[in-house]
**Q** 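Submitted below is the structure of interest, expressed as structure tokens.
Numbers here simply count residues along the sequence, with the first being 1.
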Amino acid sequence: MSSYLPPPGTSDIFPDEIPRWNFIESTAHRVFSLYGYGEIRTPIFEYSEVFKKSIGQDTEVVQKEMYSFEDRGGRELTLRPEGTAGVMRALMKTEAPNGLETRVFYLGPMFRGERPAAGRKRQFHQVGVENVGKISPEHDTECISMLIYFLEELKITGAKLLINTRGAEEDKAPAEKALKEYFSGFISSMCPDCKERFNKNIWRILDCKGAECQEPIRNAPDVKDFFTQASKEYFNKVVELLKQQGIEFEIDRRLVRGLDYYQHTVFEITHTGLGGQNAIAGGGRYAIAVPGSSKYIYGVGFAAGMERLIMVQDALKVQLPIHNPEFIFVASLGQIAKEKNFLLSSELRMKGMNVLMELEDKSMKAQMRSASKNNVSKVLIRGENEIARDIIILKDMKTGIQSEIPYAEIFNALQSK
Ligand code: HAM
């Protein structure tokens, strides 16, 4: 272990990278507000049951990836592997479970103990939305179209939208029966993971990437054929509405998603700029029951991985809006001037100006060198002579012109031009 490195799968994010994060965060605030979403902040850890019950005991996330621990009070807690479950727990206190439409979004770190790789981290960040309380193809489509608009505003081009349906609760048993019957003839030659999925979570066989599993999966029945007419119509309506909106998509009958709470519409956004981990966002409609309640809460939402959005923006060479603030530099000749300038710097900042000042004792030459290294537009210079005359020297760094200003005029002089 090198003490300078953070744990595997985590990263430090330095100030020069932060504008990229701010751009995504501010775009999320702006775009989601247009659709009536408000930000929600829930705890980074929850009772483990919250995730086990909603994401599903047999999912890879719950079985293999959760960071769980017992706290000093003997509580079983887990660092959130995703945002939806905790948000649903929080919304149980509201009217959302009774059908009041509630629109929320969130931003923040999530934790999954996956094998680290490019774009696959153990602490990663999601920006997600949940539209809770109502069930309709219109809600699903609006959610998808908001995601597409969000990506456009992030200047991400070339993304691909995949959609599918998991059907409703009553479609599960017939679909699983059909998959079991079909895969039972092939399972002995399929990968160890699929053998496990065959008994625990047969849907996940459909999105296995193992080479030996591709042939049987290609010829597997389409689960939609076993859904009720109502579920088929629900999906057809989503397809029709997406077409009406001019949104391009592909129906991918292998798309099942890795979390068990999904019902009806599921979707994913992929991008070739990512390489192996090609999903930049995923979501769908869900029904979730949180611990202590048998009542389901219904919603539709998505989450995008912020690291992956940044990777795609980098691959596309997306230029960020330039935000390079100009500074005023306050230079001092002598100790008395330095003390007075220390106060002046604070006053200017409190008036909303960006101000830099050398806090160590440095020569005028060294101070000017420091000014020229930063984005300084004006320098204020003061020594004992200027203090005695109650003036300050203002140097415009663009024109090089230096002028003497009565001290009382300083704010006006800095604000003009
Ligand atoms: P998810 O597909 O598990 O869905 O994650 C959403 C996105 O988070 C992925 O598409 C990916 O961009 C990013 N992501 C996931 N795992 C990692 C990782 N280890 N490293 C980096 N990025 C990662 C959900 O989490 C659902 N809660 C989405 C949702 C909201 N469904 C309905 N509402």
**Q** Can you name the side chain to side chain donor-acceptor pair (under 3.5 Å) partners of Lys200, sequence neighbours left out?
**A** Gln63
**Q** Taking the basic N atoms (NZ, or NE/NH1/NH2) and the acidic carboxylate oxygens, is any pair closer than 4.0 Å for Arg20 and Asp314?
**A** yes
**Q** So, Glu95 and Asn98: side-chain donor and acceptor under 3.5 Å apart, yes or no?
**A**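 Indeed, the side chains of Glu95 and Asn98 share at least one donor-acceptor pair under 3.5 Å.
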**Q** Answer yes or no: are there more than 12 heavy-atom neighbours, outside Glu360 itself, under 6.0 Å from its atom CD?
**A** no
**Q** Kindly say whether Pro221 contributes a backbone atom to a donor-acceptor pair with the side chain of Asp225 at under 3.5 angstrom?
**A** no
**Q** Are the aromatic ring centres of Tyr37 and Phe105 under 6.0 angstrom apart?
**A** no
**Q** Within the 4.5 Å heavy-atom criterion, are Val104 and Phe32 side-chain neighbours or not?
**A** no
**Q** Less than 3.5 Å apart, which donor and acceptor atoms pair up between the side chains of residues 283-294 and the rest of the protein, not counting sequence neighbours?
**A**
residue	atom	partner	partner atom	Å
Arg285	NE	Asp140	OD1	2.8
Arg285	NE	Asp140	OD2	3.4
Arg285	NE	Tyr234	OH	2.9
Arg285	NH1	Lys134	O	3.2
Arg285	NH1	Gly299	O	3.3
Arg285	NH2	Lys134	O	3.2
Arg285	NH2	Asp140	OD1	2.9
Tyr286	OH	Glu130	OE1	2.7
Ser293	OG	Lys295	N	3.0

**Q** Tell me if a side-chain donor or acceptor on Ser231 pairs with a main-chain N or O of Phe227 at a distance below 3.5 Å.
**A**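 Absent.
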**Q** Give a yes or no answer on whether the side chain of Asn375 reaches the backbone of Pro325 with a donor-acceptor pair at less than 3.5 Å.
**A** yes
**Q** Going by heavy atoms in the side chains, are Val379 and Ile328 under 4.5 Å from each other?
**A**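 No; the side chains remain at least 4.5 Å from each other.
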**Q** Is it the case that atom NZ in Lys351 sees more than 12 heavy atoms from other parts of the structure closer than 6.0 Å?
**A**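 It does not: Lys351 NZ has 12 such atoms or fewer within range.
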**Q** Residues two or more places apart in sequence or in another chain: which of them pass side chain to side chain donor-acceptor pair (under 3.5 Å) with Ser332?
**A**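 Applying side chain to side chain donor-acceptor pair (under 3.5 Å) to Ser332 gives Asn341.
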**Q** Would Ser145 and Gln245 satisfy side-chain contact (heavy atoms from CB on, under 4.5 Å), going step by step from the backbone distance to the final call?
**A** CA-CA 8 Å; Ser145 90; Gln245 299 240 336; 3.3 Å; yes
**Q** Kindly check if the number of other-residue, nucleotide or ligand heavy atoms within 6.0 Å of OH (Tyr182) is above 12?
**A**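 Count over threshold, so yes.
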**Q** Tell me which pairs pass salt bridge (Lys or Arg N to Asp or Glu O under 4.0 Å) where either residue lies in residues 315-327, with sequence neighbours left out.
**A**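 Output for this query lists Glu326-Lys398.
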**Q** What is the distance from atom CD of Glu307 to atom CZ of Phe124, rounded to the nearest 0.5 Å?
**A** 8.0 Å
**Q** If we ignore hydrogens and angles and just use 3.5 Å, is the side chain of Asp396 paired with the main-chain N or O of Ile401 as donor and acceptor?
**A**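 Here the side-chain-to-backbone pair does not exist.
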**Q** How long is the gap from CZ on Phe198 to CD1 on Ile187, to the nearest 0.5 Å?
**A**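 Here the rounded value is 6.0 Å.
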**Q** Got a sec, which residues hit side-chain contact (heavy atoms from CB on, under 4.5 Å) with Asp361, two or more places apart in sequence or on another chain?
**A** Gln335, Lys338
**Q** Just verifying a value: how many Å separate Cys143 SG and Tyr35 OH, rounded to the nearest 0.5 Å?
**A**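 So the gap between those two atoms works out to 10.0 Å.
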**Q** Between Asp252 and Arg254, does any NZ, NE, NH1 or NH2 come within less than 4.0 Å of an OD or OE carboxylate oxygen?
**A** no
**Q** Ring centroids only, cut at 6.0 angstrom: are Phe51 and Tyr47 within range, meaning strictly under it?
**A**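 Phe51 vs Tyr47: aromatic centres not under 6.0 Å.
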**Q** Going by heavy atoms in the side chains, are Thr165 and Lys232 under 4.5 Å from each other?
**A**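 No, side chains not in contact.
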**Q** Using a 4.5 Å cut-off on heavy atoms from C-beta on, say whether the side chain of Leu380 contacts that of Ile393.
**A**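 Heavy-atom side-chain distance check fails, nothing below 4.5 Å.
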**Q** Strictly below 4.0 Å, N to O, side chains only: are Glu181 and Lys177 in salt-bridge contact?
**A** yes
**Q** Taking everything shown except Phe342 itself, do over 12 heavy atoms lie less than 6.0 Å from its CZ?
**A**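 Not buried by this count: 12 neighbours or fewer within 6.0 Å.
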**Q** Would you say Arg257 and Tyr262 are linked by a side-chain donor-acceptor pair, where the criterion is simply a distance under 3.5 Å?
**A**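 Yes - a donor-acceptor pair under 3.5 Å links their side chains.
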**Q** Short question: side chain of Asp71, backbone of Arg75 - any donor-acceptor pair under 3.5 Å?
**A** yes
**Q** With the threshold set at 4.0 Å, does a side-chain nitrogen-carboxylate oxygen contact exist between Lys52 and Glu76?
**A** no
**Q** Does Arg197 come within less than 4.0 Å of Glu60, counting only side-chain N to carboxylate O?
**A**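 A salt bridge links Arg197 with Glu60.
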**Q** Are Val318 and Val312 close enough, and set up right, to give a side-chain contact (heavy atoms from CB on, under 4.5 Å), and what steps lead you there?
**A** CA-CA 9 Å; Val318 169; Val312 171; over 6 Å; no
**Q** Can a donor-acceptor pair be found, under 3.5 Å and without considering hydrogens, that links the side chain of Arg166 to the backbone of Val256?
**A**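 Yes, Arg166 side chain to Val256 backbone: donor-acceptor pair under 3.5 Å.
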**Q** Quick one: does Arg253's side chain have a donor or acceptor within less than 3.5 Å of a partner on Ala220's backbone?
**A** yes
**Q** Show which side-chain atoms of residues 149-159 pair as donor or acceptor with protein atoms under 3.5 Å away, not counting sequence neighbours.
**A**
residue	atom	partner	partner atom	Å
Glu153	OE1	Arg30	NH1	3.1
Glu153	OE1	Arg30	NH2	3.0

**Q** Are any of the side-chain nitrogens in Glu215 or Arg218 under 4.0 Å away from the carboxylate oxygens of its partner?
**A**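 Judged by the 4.0 Å cut-off on N to carboxylate O distance, Glu215 and Arg218 do form a salt bridge.
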**Q** Check whether Thr141 reaches the backbone of Pro137 with its side chain - one donor and one acceptor, N or O, closer than 3.5 Å.
**A** yes
**Q** Is there a donor-acceptor contact under 3.5 Å linking the side chains of Ser11 and Lys121?
**A**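 Result is yes, a qualifying pair exists.
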**Q** Within the 3.5 Å criterion, strictly below it, is a donor on His29 or Ser26 matched to an acceptor on the partner's side chain?
**A** no
**Q** Please determine if Arg103 and Glu101 form a salt bridge, counting it only when a charged side-chain N lies under 4.0 Å from a carboxylate O.
**A**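 Yes, charged N to carboxylate O under 4.0 Å.
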**Q** Does Arg308 use its side chain to pair, donor to acceptor, with the backbone of Ala279 at less than 3.5 Å?
**A** yes
**Q** So do the side chains of Ile163 and Val266 get within less than 4.5 Å of each other, counting heavy atoms only?
**A** no
**Q** Does any N or O in the side chain of Gln57 come within less than 3.5 Å of the main-chain N or O of Lys53, such that one atom is a donor and the other an acceptor?
**A**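 Not a single qualifying donor-acceptor pair exists.
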**Q** Could you grab the distance from atom CE of Met397 to atom CG of Asn374, nearest 0.5 Å is fine?
**A**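 Going from the CE atom of Met397 to the CG atom of Asn374 covers 10.0 Å.
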**Q** Can Glu169 and Gln263 be counted as having a side-chain donor-acceptor contact under 3.5 angstrom?
**A** yes
**Q** Report the residue from Glu250, Glu248, Glu268 that forms a salt bridge (Lys or Arg N to Asp or Glu O under 4.0 Å) with Lys160.
**A** Glu250
**Q** Under the criterion side-chain contact (heavy atoms from CB on, under 4.5 Å), which of Thr94, Ile297, Val300 is the partner of Val132?
**A** Ile297
**Q** Does the distance from a Lys or Arg side-chain N to an Asp or Glu carboxylate O, for Arg122 and Glu114, drop under 4.0 Å?
**A** no
**Q** Looking at Tyr67, I'd like to know if its OH atom is crowded, meaning that more than 12 non-hydrogen atoms belonging to other residues, nucleotides or ligands lie closer than 6.0 Å.
**A** yes
**Q** Under a 4.5 Å cut-off applied to non-hydrogen side-chain atoms, are Met368 and Ser372 in contact?
**A** no
**Q** Hey, does Met306 have a side-chain heavy atom less than 4.5 Å from the side chain of Trp21?
**A** yes
**Q** Under the side-chain contact (heavy atoms from CB on, under 4.5 Å) rule, what do Thr42 and Arg80 come out as? Steps first, then yes or no, please.
**A** CA-CA 10 Å; Thr42 60; Arg80 61 184 187 192; 3.8 Å; yes
**Q** I'd like to know whether Thr59 forms a side-chain hydrogen bond (donor to acceptor under 3.5 Å, both in side chains) with Asp260, so could you lay out the CA-CA distance, the side-chain angles of the two residues, the decisive distance to 0.1 Å, and finally the verdict.
**A** CA-CA 7 Å; Thr59 56; Asp260 268 359; 5.7 Å; no
